[in-house]
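Below is one structure, written out as structure tokens, with a few remarks after it.
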Amino acid sequence: MLDPKFLRNDIEKTAELLANRGFKLDVDLINSLEEKRKSLQIQTESLQAERNSRSKEIGMAAKRGEDIAPLREQTAELGAQLDAAKEEFTALAAQIQEIAYTIPNLPHESAPIGKDEDENVEISTWGTKKSFDFEVKDHVDLGEALGGLDFKSAVKISGSRFIVMQGQIAKLHRALAQYMLNLHTNHHGYTEMYVPLLVNADSLYGTTQLPKFGDDLFNTKPATEEGVGMSLIPSAEVPLTNMSRDVIYDEADLPIKITSHTPCFRSEAGSYGRDTRGLIRQHQFDKVELVQFVHPEKSFEALEEITMHAEQVLKNLELPYRKVVLCTGDMGFSATKTYDLEVWVPAQETYREISSCSNVGDFQARRLQARFRPAGKKKPELIHTLNGSGLAVGRTLVAVLENYQLEDGRIEIPTVLQHYMGGLTHIG
RNA sequence: GGAGAGGUGGCCGAGUGGCCGAAGGCGCUCCCCUGCUAAGGGAGUAACGAGUUUAUAGCUUGUUCGAGGGUUCGAAUCCCUCCUUCUCCGCCA
């Protein structure tokens with residue numbers, strides 16, 4: 001959620017920045033609602049103040065043994081007025097909040113301005129694309145031929161966009177996740193976390209999946225007026241980032257760096273027809289997530305760092321990739337700035353997203369009430385939160401299968417993973 | 001799943017209808033005292049929102065005692081629902 005002060009004091013500038021990401025802020029509507037809010041709030045609060053002081057008087061009169069019946073009657077009338085004002089104010093405040101919830105974060109000035117993914121800017125490329133002197137197969141053909149990817153069984157058991165993995169491929173998938181976790185905990189300073197995969201609505205509001213993106217979630221109960229029950233996490237970002245909810249950290253505790261390997265569940269509503277083949281877009285996939293809570297002045301520094309941590313996985317796996325900074329029009333709802341890492345996928349002859357690292361600024365922290373107490377100061381301030389995939393495990397498996405394929409259909413195992421595979425050098 | 005007892009400020013803990021936003025303690029900050037240290041004395045110390053303001057200063061004001069409803073002129077205190085913690089029993093990887 002944006003700082004409401006932006007909407008009150010600097011709405012034109014805010015609208016301009018939001019326009020960069022293709023969001024049209026209804027300035028006139030907000031201005032008129034705000035104006036109403038202000039007068040209504042003043043009115044309501046002064047009625048409340050009046051009631052409070054009268055009630056106090058009644059209490060004192062009662063103590064003196066005076067007759068309080070007439071006073072009570074008078075105040076009862078005031079109460080009716082107050083109830084009406086309160087009701088009106090609550091409705092208006094709810095309307096304003098509903099709008100506020102749908103406003104995305106302001107892009108940072110260093111994010112390039114653009115409409116959509118075509119205007120993302122490549123920052124760097126790494127690694128050499130292997131030249132294959134045979135026709136490359138995609139991971140589906142490779143995996144099925146090796147008996148390790150079983151799409152048919154997954155359809156039978158659950159439906160499309162699920163996968164059954166088997167044998168060495170299942171093990172390779174596990175090895176990838178283990179390797180990533182070990183790298184981040186042993187070398188990048190993250191603390192490993194085991195977290196719930198089912199979360200409550202408060203958590204989803206905290207990380208801004210709700211109220212706007214509820215359709216992307218799998219819920220344990222259909223949404224009703226009573227609530228939605230619990231939801232399967234779309235990313236470990238949700239439980240990890242919610243660790244900070246309603247916490248006031250000591251400044252010395254920052255930065256906090258945590259990581260977790262979890263399955264992620266996404267309904268992928270609205271993406272029918274895209275990436276229907278293979279493991280690229282699944283309802284369930286594994287991911288190793290990196291989350292940092294940092295001092296507000298350090299968050300852009302931290303974004304570079306967290307991105308580097310994700311890049312290190314690709315480098316160590318010797319997978320060619322490129323780093324892209326998302327333009328304002330392609331950034332996620334809560335991000336101020338995002339780097340995507342895209343891995344080379346030989347069969348598609350293109351780079352595909354495998355990690356997304358974002359500085360969220362105080363956007364989530366405001367909803368989470370995630371704060372720290374600056375040394376020597378009384379007032380707590382909002383922290384900044386960051387998250388990054390380090391990496392999406394399923395897509396990394398795709399990249400390994402395709403980039404490490406041999407002409408005979410076998411897969412070479414990247415050096416750093418061989419240890420995790422019991423010394424195995426090839427699959428197949 | 002059953003029975004019982006709880007949830008109060010950074011922490012502990014008192015408070016069963018009216019100067020209670022909340023005694024007391026711990027912690028923390030500042031000051032005094034003590035030639036260091038330990039101890040002692042004094043003062044201060046919740047969050048969030050609105051208005052005013054150059055101001056995250058001050059002032060005025062509202063809300064918040066697990067959450068949400070209700071009763072009342074007035075609720076930490078009474079009633080209802082939910083969440084959650086602990087103890088005992090049951091079940092269980």
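Keep in mind that what you see is a predicted model, and the values were worked out from it rather than measured. Only heavy atoms go into these numbers, but all of them, side chains included; no hydrogens, no water, no symmetry mates. Lettering follows sequence order; numbering is per chain, from 1.
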Compare side-chain N and O positions of A/N52 against OP1 and OP2 of B/C73 and report whether any pair is under 4.0 Å apart.
-> no
Between B/U16 and B/G68, how far is it from one C1' atom to the other, in whole Å?
-> 22 Å
Whole-angstrom distance between B/G27 and B/A46, as gauged at atom C1' = 14 Å
Please step through side chain to side chain donor-acceptor pair (under 3.5 Å) for the pair A/H419 and A/Y179, ending with a clear verdict.
-> CA-CA 10 Å; A/H419 160 72; A/Y179 175 69; over 6 Å; no
Within the structure shown, what part of the strands sits under 4.0 Å from A/N200 by heavy-atom distance: base, sugar-phosphate, or nothing?
-> nothing
Spacing of the C1' atoms in B/U71 and B/C31 (rounded, Å) = 50 Å
Check the distance between B/G70's C1' and A/K86's NZ and give it to me in whole angstrom.
-> 13 Å
Candidate nucleotides B/U61, B/G18, B/A47, ranked by approach to the side chain of A/I58 - the nearest | B/G18
What are the atom names and distances for every N/O pair under 3.5 Å that joins the protein to nucleotides 74-81 of chain B?
residue : atom : partner : partner atom : Å
B/G74   : O4'  : A/S55   : OG           : 3.1

Rounded to whole angstrom, note down the C1' distance from B/A67 over to B/C73.
-> 26 Å
Mind calculating the distance between CD (A/E251) and P (B/U29) to the nearest angstrom?
-> 15 Å
B/G51 phosphate, OP1 or OP2, under 4.0 Å from A/R37 side-chain N/O = yes
Please determine if a side-chain N or O atom of A/Q48 lies less than 4.0 Å away from the OP1 or OP2 oxygen of B/U63.
-> yes
Which residue, A/L71 or A/E34, contacts RNA chain B at a nucleotide closer to its 5' end, judged by nearest heavy atom?
-> A/E34
Using a 4.5 Å cut-off on heavy atoms from C-beta on, say whether the side chain of A/V155 contacts that of A/F162.
-> no
Given side chain to side chain donor-acceptor pair (under 3.5 Å), test A/N200 with A/S203 step by step and report yes or no.
-> CA-CA 6 Å; A/N200 59 32; A/S203 292; 3.2 Å; yes
With the side chain of A/K38 defined as its heavy atoms from C-beta on, choose the nearest nucleotide among B/G62, B/U52, B/A47.
-> B/U52
Do the side chain of A/E57 and the base of B/G18 come within less than 3.5 angstrom through a donor-acceptor pair of N or O atoms?
-> no
Hey, is A/R371 close enough to A/E381 for a salt bridge, meaning N to O under 4.0 Å?
-> no
Tell me what A/R366 touches on the nucleic acid: a base, only sugar-phosphate, or nothing, going by heavy atoms under 4.0 Å.
-> nothing
Separation between the P atoms of B/U45 and B/G24, rounded to whole Å = 12 Å
Ring-ring centroid check A/F372 A/F293, cutoff 6.0 Å | no
Given the P atoms of B/A76 and B/G66, what is the spacing between them in whole Å?
-> 10 Å
On a whole-Å scale, what distance lies between the C1' atoms belonging to B/G17 and B/U53?
-> 40 Å
Run the numbers on A/E192 and A/T185 for side chain to side chain donor-acceptor pair (under 3.5 Å), then give the verdict.
-> CA-CA 6 Å; A/E192 179 170 350; A/T185 55; 4.9 Å; no
Residue A/R174 excluded, over 12 heavy atoms near CZ under 6.0 Å = no
For RNA chain B, whose closest nucleotide is more 5', that of A/R54 or that of A/Q369?
-> A/Q369
Nearest-angstrom distance, P atom, B/G40 to B/A47 | 28 Å
